[in-house]
Amino acid sequence: MADPSTAANCSPPGTMPTHQHQDPGITIRAMQHADADQVLAIYQHGLDTGHASFETTAPTWEAFDATRLDQYRYVATDPTADPRHNVLGWIAASPGSDRCCYAGVVEHSIYVRPKARGRGIGAALLTTFIAATEADGIWTIQTGVFPENTPSLRLHTKAGFRTVGTRRRLGRLHGQWRDVVLLERRSSAVL
């Protein structure tokens with residue numbers, strides 16, 4: 001994994017860093033309300049694969065907005081593309097718990113537009129996200145991934161996540177029991 005201090009232009013805690021991707025046509029920036037339709041469409045594409053979540057329908061923007069932390073929402077964009085179609089992927093976090101002892105734990109989701117996969121978009125989003133959370137004192141990032149979603153498992157492993165375990169038959173999706181691999185990344189910068 002790239003060193004987050006060099007991979008992202010990290011701003012002081014509480015502000016949104018931006019990241020210039022290796023591809024000069026891709027930028028990582030803070031998610032904006034104007035991105036809502038594209039973010040939710042990318043989310044729905046992921047859900048339609050059957051390997052992204054137990055959810056089957058993307059939420060409304062109001063529901064999405066109410067459950068994600070403002071300071072940890074990013075999009076990868078192609079600034080040369082039509083603004084109605086320039087979001088290539090997104091990452092966002094929710095609190096891991098409402099208990100104060102877990103204030104430094106977040107759970108994240110990451111989705112990439114199908115036509116943008118394989119271009120390092122997920123890695124760039126995750127690198128920016130990790131840098132921002134560490135700058136704010138977040139000590140653990142966690143996520144759950146279906147075992148069939150091997151690209152996501154590879155992405156997270158490369159970014160320093162470890163497998164905590166597999167939760168067997170955790171829930172049903174389309175009538176089938178599904179396992180979930182629980183992953184976490186403990187920051188070495190936040191001690």
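Along the sequence shown, residues are numbered consecutively beginning with 1.
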Determine whether L182 and T166 satisfy the following criterion, side chain to side chain contact (heavy atoms under 4.5 Å, CB included), listing intermediate values before the conclusion. CA-CA 6 Å; L182 181 59; T166 300; over 6 Å; no
If you take all heavy atoms of [X] and [Y], which pair is closest and at what distance?
| X | Y | result |
| --- | --- | --- |
| G46 | A52 | O-CB, 3.3 Å |
| F64 | P59 | CB-CG, 4.1 Å |
| A30 | V75 | O-CG2, 4.2 Å |
| L125 | A76 | CD2-N, 3.7 Å |

Measure the [atom1]-[atom2] distance between [X] and [Y] for me, rounded to the nearest 0.5 Å.
| X | Y | atom1 | atom2 | result |
| --- | --- | --- | --- | --- |
| W90 | H108 | CH2 | NE2 | 9.5 Å |
| L191 | W139 | CG | CH2 | 12.0 Å |
| L183 | H156 | CG | NE2 | 6.5 Å |
| L153 | T163 | CG | OG1 | 7.0 Å |
| Y74 | T128 | OH | OG1 | 7.0 Å |
| R113 | I42 | CZ | CD1 | 4.0 Å |

Distance-only side-chain donor-acceptor flag, S187 / E134, under 3.5 Å: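 Note: S187 and E134 side chains meet the donor-acceptor criterion.
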Within the side chain of [X], is there an N or O that forms a donor-acceptor pair under 3.5 Å with the backbone of [Y]?
| X | Y | answer |
| --- | --- | --- |
| R29 | T77 | no |
| R178 | R169 | no |
| R162 | R185 | no |
| S94 | T67 | yes |
| N149 | H51 | yes |
| D35 | Q32 | yes |

Please determine whether side chain to side chain contact (heavy atoms under 4.5 Å, CB included) holds for the pair L40 and Y111, giving the CA-CA distance in whole Å, both sets of side-chain angles, and the decisive distance to 0.1 Å. CA-CA 10 Å; L40 295 178; Y111 287 79; over 6 Å; no
Step through the shown structure and confirm whether more than 12 heavy atoms of other residues, nucleotides or ligands are within 6.0 Å of [atom1] on [X].
| X | atom1 | result |
| --- | --- | --- |
| R172 | CZ | yes |
| R186 | CZ | yes |
| F54 | CZ | yes |

Going by the rule side chain to side chain donor-acceptor pair (under 3.5 Å), which residues pair with Q44 if we only count those two or more places apart in sequence or in a different chain? D48
Who passes side chain to side chain donor-acceptor pair (under 3.5 Å) against S53, sequence neighbours left out? none
With the 4.5 Å side-chain cut-off for hydrophobic clustering, are [X] and [Y] part of the same group?
| X | Y | answer |
| --- | --- | --- |
| V181 | I110 | yes |
| I130 | L69 | yes |
| L173 | L47 | no |

Test side chain to side chain contact (heavy atoms under 4.5 Å, CB included) on L88 and I26; report intermediate values, then the result. CA-CA 9 Å; L88 305 172; I26 298 171; 3.9 Å; yes
[X] side chain near [Y] side chain, heavy-atom distance below 4.5 Å:
| X | Y | value |
| --- | --- | --- |
| N86 | Q38 | yes |
| I138 | V190 | no |
| T157 | L155 | no |
| I141 | F161 | yes |

Here the salt bridge (Lys or Arg N to Asp or Glu O under 4.0 Å) pairs for residues 94-110, sequence neighbours left out, are none
Got a salt bridge between R119 and D78, using NZ or NE/NH1/NH2 to carboxylate O under 4.0 Å?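 No, R119 and D78 are not salt-bridged.
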Between the side chains of R73 and D70, is the shortest nitrogen-to-carboxylate-oxygen separation below 4.0 Å, so that they form an ion pair?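 Counted as a salt bridge, because a side-chain N and a carboxylate O are separated by less than 4.0 Å.
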Intermediate values then yes/no, side chain to side chain contact (heavy atoms under 4.5 Å, CB included), D179 and F146: CA-CA 6 Å; D179 296 345; F146 288 140; over 6 Å; no
Can a cation-pi geometry be assigned to R68 and Y72, taking NZ or CZ under 6.0 Å from the six-membered ring centre and within 45° of the ring axis?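 No, cation not above the ring by the 6.0 Å, 45° rule.
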